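What follows is a short report on a single structure.
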There are 4 protein chains.
Amino acid sequence: MTEEGTAVVRAVRGRPRSAAADRAIIGAVLRLLERGIGVGALSMEGIAREAGVGKATVYRRWPGKDALLLDVMRALDEPPPEVRGRSVREDLVEILEGLRRKGLAKRDSALLRTMMSHFHSHPRLWQEYHDTVIRARRETLHAVLRRGVAEGEIRSDLDVELLGELFVGPMLSRALLHEWRELPEELSEQIVDGVLDGARPRG
Amino acid sequence: MTEEGTAVVRAVRGRPRSAAADRAIIGAVLRLLERGIGVGALSMEGIAREAGVGKATVYRRWPGKDALLLDVMRALDEPPPEVRGRSVREDLVEILEGLRRKGLAKRDSALLRTMMSHFHSHPRLWQEYHDTVIRARRETLHAVLRRGVAEGEIRSDLDVELLGELFVGPMLSRALLHEWRELPEELSEQIVDGVLDGARPRG
Amino acid sequence: MTEEGTAVVRAVRGRPRSAAADRAIIGAVLRLLERGIGVGALSMEGIAREAGVGKATVYRRWPGKDALLLDVMRALDEPPPEVRGRSVREDLVEILEGLRRKGLAKRDSALLRTMMSHFHSHPRLWQEYHDTVIRARRETLHAVLRRGVAEGEIRSDLDVELLGELFVGPMLSRALLHEWRELPEELSEQIVDGVLDGARPRG
Amino acid sequence: MTEEGTAVVRAVRGRPRSAAADRAIIGAVLRLLERGIGVGALSMEGIAREAGVGKATVYRRWPGKDALLLDVMRALDEPPPEVRGRSVREDLVEILEGLRRKGLAKRDSALLRTMMSHFHSHPRLWQEYHDTVIRARRETLHAVLRRGVAEGEIRSDLDVELLGELFVGPMLSRALLHEWRELPEELSEQIVDGVLDGARPRG
DNA sequence: CCATAACCGAGACGGTACGTCGTGTCTTACT
DNA sequence: AGTAAGACACGACGTACCGTCTCGGTTATGG
């Protein structure tokens, strides 16, 4: 079976698409977002202008603003930390720290919010983002948790999915839903320790 | 600067504003959202049309779409459960269940997403929503937790704010960020029990 | 009987259309044409810009460029000469002189050419222009010719339509089809006398 | 400046231009015009598509749409009738009949209108068409008239140019300006006889 | 009790962005 | 060097909303 993966093989006829244009467009979106232009005020017209590119050149690559933003998010996505720390606890703290720092970046969280605000209307879009970006990070987290279970550091009677949510949920909730100001540096440790030890007093 | 709180002092002369128009406008927004029109596709023009109202009548009441949506959210907000259950555990489950059911309602979560996607650009707006709607629910949660601490059901060495996040965060994360399909009914119990008992194996 | 003519009675609800905008738009077209912008280069976008008016304001009044130009032509149309001269010959010369002067005006002939170039594709448009503008002028000509027949100055055995064409055709042909430079002043007299006397030597 | 007449001297190295492409392009224009596509709706893009040819191949041959149309008109131009009839009158009728039949052809008159509508903005273009296509036909007409003068059939005291206009103008006016429906077959005879005999009653 | 003033619906206003199409130029691989 | 294909920057197309503004008409009150 011929390997084909996601990369669609485009016809090789005609002038090839300019990689410089790709870069200019993605760059323009990031620049505009960093300029604090507000996600709703992002217009394809403005993006093309900022990129020094014709509108058609944008539409040739993406069918609309959301799809473009999806790719911008992917372009932004740095590989998950992948630090195998000295202990399960420290790995969990590391992962949460990554989330905290990410949520602080103005453009990252602006992008994330946009995607969220649209995914109800475009489930396929969200699905795609989820599959591409989030799944990998979840997987890292789950691996750490499974290691914890194997080493006896983590209870074995709970679903790993649920466990992951217990650690990550509080941080996401703070970073994306409630606050738009700096989160305290010790928050990651507090969450990890809180969930590890539980809210009930220990005998 | 004049006090401009919620109760704007209007001139008492002339025809008073029609309460029917208020209702028609709020109703139109809800109807459009339930129709799955997509939050970004909500237009003041369309809202006025659906409400059978002139555009000026809308703008006379709200300076823009966001302010209107904020009021719609407030109109939607039912008083927090306030059920003093038989135990702290059951109260926590009750509160999470309320969130779960709320997050399922298409229009509620659509609204919430919109607000989130805008709050970075309009912090005042978010602040206002937070103060009006969220604070009350947080307060209910914190009261339950403080009762738990008093009764010895909950550890006393953790910040109540943090504790609240540990319970609520995972549910919000699931309801608003990851899923757009039905959440399992037993999720609330699983989260509450997971956080209460902790992720580390006990004794 | 109430005078109503062609003017459609529009609903009187809402803000009435601005007569100033009408004038600004027509004026902008004339200014652009006089500026020698070339009829094909006339764009609705440019017209609106020149008029200081939104594009929608133009499209609210006319469905497209051709319909607008049709109205511009009508606005341009001065009443036919209507000079009852001292003799049939002099009246005919007067009518042809009017055509000659008209054909020289850059914007008039540019407009006329545009209309012509489109009337094959939009026969209704042409029909309307013909009925509104041309018919009146033809009628004036035919009246003069009929007077000539009655006074014995013009042959009575020829169709008046055909006669009219014999006088007017050569001038139109010169003004619109062949030349784009000044026509000699004596041309009108030459044509009238030539047609009156005939091309065959007179006994 | 190098002579740039019709016969451009091209380099003789490399692949020669495809005559098939020339034919395909001209053919495509004619096909589109006959399809009633409307002259203004003719696009270089559409022409290339219809011809199955790259756009560059069109632009390599003609600098723009007008120049292309000019050549199409030339390609269309059949040699003038050149029938030396039995009498001057019959020759004139023959020439006018040629015009009448030509004006009926949808594509011919569409082309002619296009050229007319552009010649004000591009006088050089018109000049070229005039010199190439019209002059020859005029010459034929003038020759007939001069023969008429020599044979005593036509007045000798009138400018031949003017005389020609008297015969041809009415037909052109009818064919191009007023009508877009069939012209009566007897029109040519009526015009010729009318101009020959004159509009004034003959003693 | 009626004038006044703010309300109401409708919809026009100058703008901006939408997504598409055509312009004339360019860049591929191929002939 | 020519060819088909098609990308490129640009700019016009006709539509939809934005938030403001005028219309004619409606409804409470206060003089």
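Lettering follows sequence order; numbering is per chain, from 1. As the structure is a prediction and not an experimental result, all values here were calculated from the model.
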Verify the contact: side-chain N or O of [X] to OP1 or OP2 of [N], cut-off strictly under 4.0 Å; return yes or no.
{"X": "A:Arg61", "N": "F:dC8", "result": "yes"}
{"X": "B:Arg17", "N": "E:dA6", "result": "no"}
{"X": "C:Thr57", "N": "E:dA12", "result": "no"}

Whole Å only: how far is the [atom1] atom of [X] from the [atom2] atom of [N]?
{"X": "D:Asp22", "N": "F:dG2", "atom1": "CG", "atom2": "C1'", "answer": "12 Å"}
{"X": "C:Glu50", "N": "F:dA12", "atom1": "CD", "atom2": "C1'", "answer": "17 Å"}
{"X": "B:Ile37", "N": "F:dA16", "atom1": "CD1", "atom2": "P", "answer": "14 Å"}

When rounded to the nearest 0.5 angstrom, what is the spacing between [atom1] in [X] and [atom2] in [Y]?
{"X": "B:Leu76", "Y": "B:Ile26", "atom1": "CG", "atom2": "CD1", "answer": "9.5 Å"}
{"X": "B:Asp71", "Y": "B:Thr132", "atom1": "CG", "atom2": "OG1", "answer": "9.0 Å"}
{"X": "B:Thr57", "Y": "B:Ile25", "atom1": "OG1", "atom2": "CD1", "answer": "6.5 Å"}
{"X": "A:Leu42", "Y": "A:Arg35", "atom1": "CG", "atom2": "CZ", "answer": "10.5 Å"}

Exercise. Would you kindly compare B:Ala21 and C:Val53 by the position of their nearest DNA chain E nucleotide and give the one closer to the 5′ end?
Key: B:Ala21
Nucleotide N/O to protein N/O under 3.5 Å, stretch nucleotides 3-5 of chain E:
none

Quiz item: D:Gly54 or A:Ser18: which one's nearest nucleotide on DNA chain F is closer to the 5' end?
Solution: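 Its nucleotide being nearer the 5' end, the pick is D:Gly54.
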Exercise. Using a 4.5 Å cut-off on heavy atoms from C-beta on, say whether the side chain of D:Met73 contacts that of D:Leu69.
Key: no
Quiz item: Just wondering, do A:Leu68 and A:Ile47 contact through their side chains at under 4.5 Å, heavy atoms?
Solution: yes
Self-check item: Derivation of the side chain to side chain contact (heavy atoms under 4.5 Å, CB included) call for B:Lys55 and B:Arg60
Solution: CA-CA 9 Å; B:Lys55 268 200 293 178; B:Arg60 205 173 286 122; over 6 Å; no
Practice problem: With axes from five pairs an end, tell me the bend angle of the helix from E:dC1-F:dG31 to E:dT31-F:dA1, nearest 10°. | Solution: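 That helix has its two terminal axes inclined by roughly 20°.
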Quiz item: Quick one: salt bridge (charged side-chain N to carboxylate O under 4.0 Å, His left out) partners of D:Arg49, sequence neighbours excluded?
Solution: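 Here no residue qualifies.
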Self-check item: salt bridge (charged side-chain N to carboxylate O under 4.0 Å, His left out) pairs, two or more places apart, involving residues 24-34 of chain A
Solution: A:Arg31-A:Glu50, A:Glu34-A:Arg107
Quiz item: Can you name the residues that form a side-chain contact (heavy atoms from CB on, under 4.5 Å) with A:Ala41, not counting sequence neighbours?
Solution: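 Only A:Ile37 meet the side-chain contact (heavy atoms from CB on, under 4.5 Å) criterion with A:Ala41.
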Exercise. Please determine if C:Arg17 and C:Asp22 form a salt bridge, counting it only when a charged side-chain N lies under 4.0 Å from a carboxylate O.
Key: no
Show the distances under 3.5 angstrom between N or O atoms of the protein and N or O atoms of nucleotides 18-22 of chain E.
residue: E:dC18; atom: OP1; partner: A:Met44; partner atom: N; Å: 2.5
residue: E:dC18; atom: OP2; partner: A:Met44; partner atom: N; Å: 3.2
residue: E:dC18; atom: OP2; partner: A:Glu45; partner atom: N; Å: 2.4
residue: E:dG19; atom: OP2; partner: A:Tyr59; partner atom: OH; Å: 2.1
residue: E:dG19; atom: O5'; partner: A:Tyr59; partner atom: OH; Å: 3.2
residue: E:dG19; atom: N7; partner: A:Lys55; partner atom: NZ; Å: 2.9
residue: E:dG19; atom: O6; partner: A:Lys55; partner atom: NZ; Å: 2.8

